[in-house]
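Notes follow once the structure below has been shown.
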Number of protein chains: 2
Amino acid sequence: MTRLATDNLALIKSATLSEDLAQQLSNAIVQGHLAQGSKISEAELAKQYGVSRGPLREAIVKLEGLGLVTRTANVGARVIELNLKDMLDTFTMREALEGMAARLAAETMTQNEVTRLYALLDQHQSHLDNNQDEQYMQQGGNDDFHLRIIHASQNTKLIRLLTEELYAIIRMYRRHTSDQRSDPRQALREHRAILDAIANHEGDLAELLMRRHISRASQLLKQAMEKTGLASH
Amino acid sequence: MTRLATDNLALIKSATLSEDLAQQLSNAIVQGHLAQGSKISEAELAKQYGVSRGPLREAIVKLEGLGLVTRTANVGARVIELNLKDMLDTFTMREALEGMAARLAAETMTQNEVTRLYALLDQHQSHLDNNQDEQYMQQGGNDDFHLRIIHASQNTKLIRLLTEELYAIIRMYRRHTSDQRSDPRQALREHRAILDAIANHEGDLAELLMRRHISRASQLLKQAMEKTGLASH
DNA sequence: TCAAGTAATATTGTCGACAATTTTAAGATT
DNA sequence: AATCTTAAAATTGTCGACAATATTACTTGA
């Protein structure tokens, strides 16, 4: 097997080139190495990754399906452009879907899993108290809790849509606006309230609280975007 | 009924072969010309449609993104298999998303559009009273109302997901179970109640009623599937 | 007869070349 | 100088061929 590709590609090593490329490009977009709105040149990227245009095109089509790029016939693909309306639309969908996930979790989550989630929140609490690793809490920590709830829904399609599509885009918005204005302690309080509702099997309440929680996050992001000037579009 | 493949292709004529193929294949799957679970042979289909494997593969990748086929590396693509769990998962998502759409519609729908929707329901009513065109009411008519609500949400991402992905799969389930047990008069009553809530700008109520409406449809489909024996999987 | 191994076949994955279209550059006309 | 034409270049779309992998058919040995 030839290892002529760039170092990046050698690390992943999946069954097919096109899968690897899709993963690579997705990461590059979410992490901002491919800027929003920038053109995706097939020839250029193919040379860069050391592959032919065939699998690269397949990867691009996949990314279009994930909503990370837009394609126009005979013109090409571009990374999506971030704007306020799309962000709000995305969060509205997230609100509906993750609210439903919280409801389902409240109906089916086992006592064992509930206990483990409380432990996770305690861990977040101590992180905050010790003022350590603040960046983790801001981003990964928050997502950890949400992802656990989402998976607890046991709804395969819901899980896939939220984790593989929406969260990628949400992370783009968060990174791009360098969203520092969220209050992690407030978020943690809301997480506890949601988990309490789930532990008590109160589906209605869990959904309501999850929705409010996400709606607040959306409003904060909106303010951040308006100050960043990204709201124009 | 089944026209020769090449003729169909000539009729559509989009900018790119791969787009046409994706459309053709999507229709073939939803209408059952490609049976659930059946293998999608690249060589065979390419010959059948008179194109090379390149654009055909692109179309297949698109269909995978739409959730109509599943692909495994080095093995190939198959039309998705219908089963009870996936149906229920899909309808749960639909419940969350279309409930949200009804809420949004209640907030923003203009008086003009409300009037037009009442007219549509009156039309459905007379169709039922005259016992004509029952098939239309059963399928297209019902969808007409839902699609209008969905578009009224003005949430681009919500609209795309529901109309381009979920509804295709929902139609597959309906067709496959030859879902005759739904009561169109009951459905029409529920549509009226939903529209009343929207007309009064009662978002909470509109969402609640839409959810119940979809939940009922889901339960009916479930019963139909259990009698059809499709529930086994 | 069955199982395991192996060769033959078929199918998918990848590549490079050509065709069609768009974008850029240059030139002509006013 | 600005605008419209036209030619050149670059980019995407499509094709056929080959490589890699999976599936089938066959053989062998117990």
Atom pair distance, as rounded to whole Å: CD in B:Glu58 and P in C:dT12: 17 Å
Any donor-acceptor pair under 3.5 Å from A:Thr92 side chain to A:Leu88 backbone: yes
Side-chain atoms of A:Asn74 come closest, of C:dT14, C:dT21, D:dT14, to C:dT21
Side-chain (A:Thr177) to main-chain (A:Tyr173) donor-acceptor, under 3.5 angstrom: yes
Mind calculating the distance between CD (B:Glu42) and C1' (D:dC15) to the nearest angstrom? 14 Å
I need the NZ-P distance between A:Lys47 and C:dT14, as an integer number of Å. 21 Å
Length of the line joining B:Glu44:CD and C:dA10:P, which is rounded to integer Å: 14 Å
Here the distance between atom P of C:dG13 and atom CD of B:Glu64, to the nearest Å, is 10 Å
Specify the residue among A:Ser18 and A:Ala73 whose closest nucleotide of DNA chain C lies further upstream toward the 5′ end. A:Ser18
Looking for any heavy atom pair under 4.0 Å, which part of the strands does A:Leu56 touch: base, sugar-phosphate only, or nothing? nothing
Whole-Å distance between D:dA19 P and A:Leu17 CG? 16 Å
Among D:dG16, C:dG16, C:dT23, which nucleotide sits nearest the side chain of A:Val75? C:dT23
Starting at atom CZ of A:Arg53, determine the distance to atom P of C:dG13, rounded to an integer number of angstrom. 19 Å
Between B:His146 and B:His213, is the ring centre distance below 6.0 Å? yes
How would you label the contact of B:Ile40 with the nucleic acid (heavy atoms, under 4.0 Å): base, sugar-phosphate, or nothing? sugar-phosphate
Report yes if a side-chain nitrogen or oxygen of A:Thr16 is closer than 4.0 Å to either non-bridging phosphate oxygen (OP1 or OP2) of C:dT14; otherwise report no. yes
Please assess B:Thr70 against B:Glu81 for the test side-chain contact (heavy atoms from CB on, under 4.5 Å), listing each intermediate value before the final yes or no. CA-CA 9 Å; B:Thr70 58; B:Glu81 308 239 13; over 6 Å; no
Distance below 4.0 Å between A:Lys39 side-chain N/O and D:dT12 OP1 or OP2: yes
Between C:dT12, D:dT12, C:dC15, which nucleotide has the shortest distance from any of its atoms to the side chain of A:Arg57? D:dT12
Using a cut-off of 4.0 Å on non-hydrogen atoms, how would the nucleic acid contact of A:Gly76 be classed: base, sugar-phosphate, or nothing? sugar-phosphate
Output the rounded distance in Å from OH (B:Tyr49) to C1' (D:dT14). 18 Å
Apply side-chain contact (heavy atoms from CB on, under 4.5 Å) to the pair A:Asp89 and B:Leu158, showing each step before the final yes or no. CA-CA 8 Å; A:Asp89 281 0; B:Leu158 195 66; over 6 Å; no
